[in-house]
There are 2 protein chains.
Amino acid sequence: MKSRTTIKDIARALNIHHATVSRALRDHPDVKPETRRLVKEMARKLNYQPNILARNLKMNSTNMIGVIVPEIKHHFFAAVISGIEEVAYQAGYVILVCQSNEQYEREVMNTRALISNKVAGLIVSISQTTQQGEHFRLFQEQGGKIVFFDRVFEEINAPKVVVDDYQGAFEATEHLIRQGRRRIAHIGGTEHISVSLARFRGYRAALEKNGLSFHPDYVVFSGFHESDGQRGMEQLLKLTPRPDALFAVNDPVAVGSYEVIKQAGLKIPDDIAVVGFSNNPISAVVNPPLTTVEQPSYEMGKYAAEILIRMIKSGKDENTESPLVLNTRLIKRASA
Amino acid sequence: MKSRTTIKDIARALNIHHATVSRALRDHPDVKPETRRLVKEMARKLNYQPNILARNLKMNSTNMIGVIVPEIKHHFFAAVISGIEEVAYQAGYVILVCQSNEQYEREVMNTRALISNKVAGLIVSISQTTQQGEHFRLFQEQGGKIVFFDRVFEEINAPKVVVDDYQGAFEATEHLIRQGRRRIAHIGGTEHISVSLARFRGYRAALEKNGLSFHPDYVVFSGFHESDGQRGMEQLLKLTPRPDALFAVNDPVAVGSYEVIKQAGLKIPDDIAVVGFSNNPISAVVNPPLTTVEQPSYEMGKYAAEILIRMIKSGKDENTESPLVLNTRLIKRASA
DNA sequence: GTTAACATTACACACGTGTGCGATAAGGTG
DNA sequence: CACCTTATCGCACACGTGTGTAATGTTAAC
């Protein structure tokens with residue numbers, strides 16, 4: 001990087017002190033309008049661009065927001081990041097994006113790196129393997145603001161943006177029940193993850209409310225990937241009597257189950273009806289089209305960013321007790 | 001942000017000078033192994049985390065890589081970003097991600113913001129509407145390194161990572177020809193974008209090599225989105241004689257054409273065969289499964305990041321004449 | 001004409017880190 | 001013992017900006 005014009009250069013050119021230049025550029029009332037004009041003119045003439053690094057160091061804060069997600073290339077997270085960036089851009093912030101690859105250790109490393117880079121705030125969806133939150137608490141103790149979304153960390157005192165996973169799962173399951181299904185299986189994500197738990201509870205509640213008994217055998221927690229859906233369905237197909245419906249924790253898992261069901265010579269939805277979660281674009285074009293629960297991912301990112309930026313600007317926490325819950329919507333397609 | 005432990009705190013605790021601490025932490029040979037050990041121990045004990053802002057200011061460079069893409073939530077770009085982040089993380093860099101939303105003005109704003117934040121380098125895929133490159137040249141003049149990928153900017157002297165769009169399009173088109181198709185249409189992206197042009201040329205070359213004449217009427221440049229594919233196909237269906245095959249610039253466009261074709265009561269591939277580009281996950285599950293050209297998006301990000309980081313570290317440009325061309329692979333499915 | 005009040009600017013220092021150079025001490029060589 | 005080499009560490013300053021306070025200039029009031 002070549003050296004560039006600084007406020008000292010401007011000061012030298014006008015034969016005044018650089019402190020005056022600094023104030024003039026920030027429209028400080030203590031500096032005479034005339035000199036203010038001169039300074040700004042010279043700044044333009046010399047093509048001055050402030051060194052944000054120096055300002056950040058002095059102010060001990062930045063215009064950067066750190067974002068940590070399990071995997072960027074998953075459509076849901078990509079859409080959330082898209083929403084975050086949109087809001088951040090409008091507010092003059094830039095986003096630092098990291099992926100934990102579902103590994104706790106890497107999430108910690110990411111957090112440390114972002115802290116070192118003095119991000120003004122953090123937007124996080126935790127990894128599957130995260131069960132402790134010291135790295136987040138450390139950041140908060142230093143005055144950093146955090147907002148969680150989707151996979152939130154309950155024990156940390158911070159705003160959380162989620163969809164109504166319980167209600168969405170409840171409706172999805174009830175939809176299956178209304179269609180006469182009685183042996184409804186569930187493939188979950190990872191047991192201690194908030195969304196997994198909420199969706200599982202919604203599933204179970206729908207069963208019980210409708211007088212169906214809950215069988216632990218019909219529930220498998222395998223993960224969030226397509227391959228996890230395959231593994232889960234392989235396990236479920238060994239059961240007798242065989243399930244006649246599946247509520248999957250998300251769309252990739254549901255799609256993963258598709259292949260196993262078809263390979264077993266079974267028909268969707270005749271033999272096994274399937275419902276997913278998240279309205280991934282893939283769900284609309286898969287064969288048969290997948291009934292799923294729409295969750296507003298892009299909006300989720302926007303809300304999270306808006307809350308965080310408000311907190312950064314005000315310096316105050318807000319709404320740390322009850323999460324912001326966005327509504328879901330059941331999208332009925334041919335698979336159920 | 002509350003103040004944190006600095007090297008001065010460590011120095012005070014050990015009753016040595018902070019300069020020695022600085023050197024000890026950076027494994028400078030001038031400091032005794034014993035004190036080096038003591039310093040590191042104390043650093044861990046006090047939970048020291050370096051203030052990168054200060055280091056950046058002193059060094060006049062950062063550990064940040066700026067990434068500008070048209071839209072994050074498109075699977076292709078999300079996958080590339082994923083690859084970039086992976087390599088950057090391993091090398092101790094973090095990535096600043098911006099989206100241009102296909103708008104030139106916003107791309108310029110993004111670039112300026114990233115320059116202000118003193119990113120060490122830039123990885124860019126330009127927007128549809130970008131036809132000038134002063135903002136990139138400005139960055140280079142200040143010593144910044146740029147690597148372009150996919151939608152590259154030809155006029156700028158920088159390494160470029162692309163797939164063999166020409167060859168991929170050629171093979172895709174020839175595949176259609178081998179199946180007896182004669183009136184092969186093409187829906188392109190935006191005419192001045194590098195990938196659009198290369199794919200169009202491959203398409204045209206395949207026609208001409210196989211003795212088919214090229215008809216401008218059969219080519220529409222509409223954009224890269226699904227909706228552009230719909231618009232394009234609506235236009236193509238008005239032609240007589242109707243095309244019997246389509247080579248689309250990418251998978252979303254191909255999928256967009258699906259709907260219009262089906263609504264017109266036509267069958268894929270019987271009436272119109274379709275080939276896409278990029279092997280978007282959606283292409284495998286759409287009905288019928290879409291024949292497409294696989295491009296290694298994740299690897300593209302990794303290569304781009306590797307090249308950029310090498311350039312940053314060495315301070316030298318490399319390979320700015322001929323782009324790094326990754327191979328494509330035709331994936332044959334039911335749609336053609 | 002003196003003084004108070006105010007406007008404007010200069011000075012000095014701080015943020016946390018890195019580095020050239022000098023200071024000190026230890027050890028070796030003649 | 002004198003001298004040089006080497007190892008180790010402290011001192012001072014720098015990066016570019018922001019800010020409290022002192023200093024200077026200007027105006028108004030008595």
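Proteins get letters first, then strands, A, B, ... in listed order; numbering begins at 1 in each.
- When rounded to the nearest whole Å, the span between CG of A:Leu25 and P of C:dT9 equals 13 Å.
- Residues meeting the ring-ring contact (aromatic ring centres under 6.0 Å, His included) test with B:Phe148, sequence neighbours left out: B:Phe136.
- Pairs passing the side chain to side chain donor-acceptor pair (under 3.5 Å) check and including a residue from residues 129-138 of chain B, sequence neighbours excluded, read B:Tyr104-B:Gln132, B:Glu107-B:Thr130, B:Glu107-B:His135, B:Ser127-B:Thr129, B:Ser127-B:Thr130.
- Taking atom CZ of residue B:Arg4 and atom C1' of nucleotide C:dG16, one finds them 11 Å apart after rounding to whole Å.
- Salt bridge absent: B:Glu41 and B:Arg44 never bring a charged side-chain N and a carboxylate O closer than 4.0 Å.
- In this structure, A:Glu34 places its CD atom 16 Å from C1' of D:dT26, rounding to the nearest Å.
- When rounded to the nearest whole Å, the span between CZ of B:Arg36 and P of D:dT8 equals 8 Å.
- Within 4.0 Å of A:Ile16, counting heavy atoms only, lie sugar-phosphate atoms of the nucleic acid but no base atom.
- Phosphate proximity of D:dC9 to B:Thr35: present, with a side-chain N or O under 4.0 Å from OP1 or OP2.
- One atom, CG of A:Leu57, and another, C1' of D:dA14, lie 13 Å apart when rounded to the nearest Å.
- Taking A:Ser116 as the reference, B:Gln49, B:Pro50, B:Ile52 meet the side-chain contact (heavy atoms from CB on, under 4.5 Å) condition, with sequence neighbours excluded.
- As rounded to whole Å, 13 Å separates atom C1' of C:dG16 from atom CG of A:Asn56.
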Expected string for nucleotides 17-24 of chain C under the B/S/- scheme (protein heavy atoms, under 4.0 Å, primed atoms plus P, OP1, OP2 as sugar-phosphate) is BBBB----
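- The distance from atom NZ of B:Lys32 to atom P of D:dT6 is 19 Å, rounded to the nearest whole Å.
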N/O donor to acceptor pairs below 3.5 angstrom from side-chain atoms of residues 72-86 of chain A, sequence neighbours left out:
{"from": "A:Ser82", "atom 1": "OG", "to": "B:Gln99", "atom 2": "OE1", "distance (Å)": "3.0"}
{"from": "A:Ser82", "atom 1": "OG", "to": "B:Gln99", "atom 2": "NE2", "distance (Å)": "3.3"}
{"from": "A:Glu85", "atom 1": "OE1", "to": "B:Gln99", "atom 2": "NE2", "distance (Å)": "3.2"}
{"from": "A:Glu85", "atom 1": "OE1", "to": "B:Arg106", "atom 2": "NH2", "distance (Å)": "3.0"}
{"from": "A:Glu85", "atom 1": "OE2", "to": "B:Gln99", "atom 2": "N", "distance (Å)": "3.3"}
{"from": "A:Glu86", "atom 1": "OE1", "to": "B:Asn101", "atom 2": "ND2", "distance (Å)": "3.1"}
{"from": "A:Glu86", "atom 1": "OE1", "to": "B:Arg106", "atom 2": "NH1", "distance (Å)": "3.3"}
{"from": "A:Glu86", "atom 1": "OE1", "to": "B:Arg106", "atom 2": "NH2", "distance (Å)": "3.3"}
{"from": "A:Glu86", "atom 1": "OE2", "to": "A:Gln90", "atom 2": "NE2", "distance (Å)": "3.2"}
{"from": "A:Glu86", "atom 1": "OE2", "to": "B:Arg106", "atom 2": "NH1", "distance (Å)": "3.2"}

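- Sorted pairs that involve residues 4-56 of chain B and meet ring pair (Phe, Tyr, Trp, His ring centres under 6.0 Å), not counting sequence neighbours, are lacking altogether.
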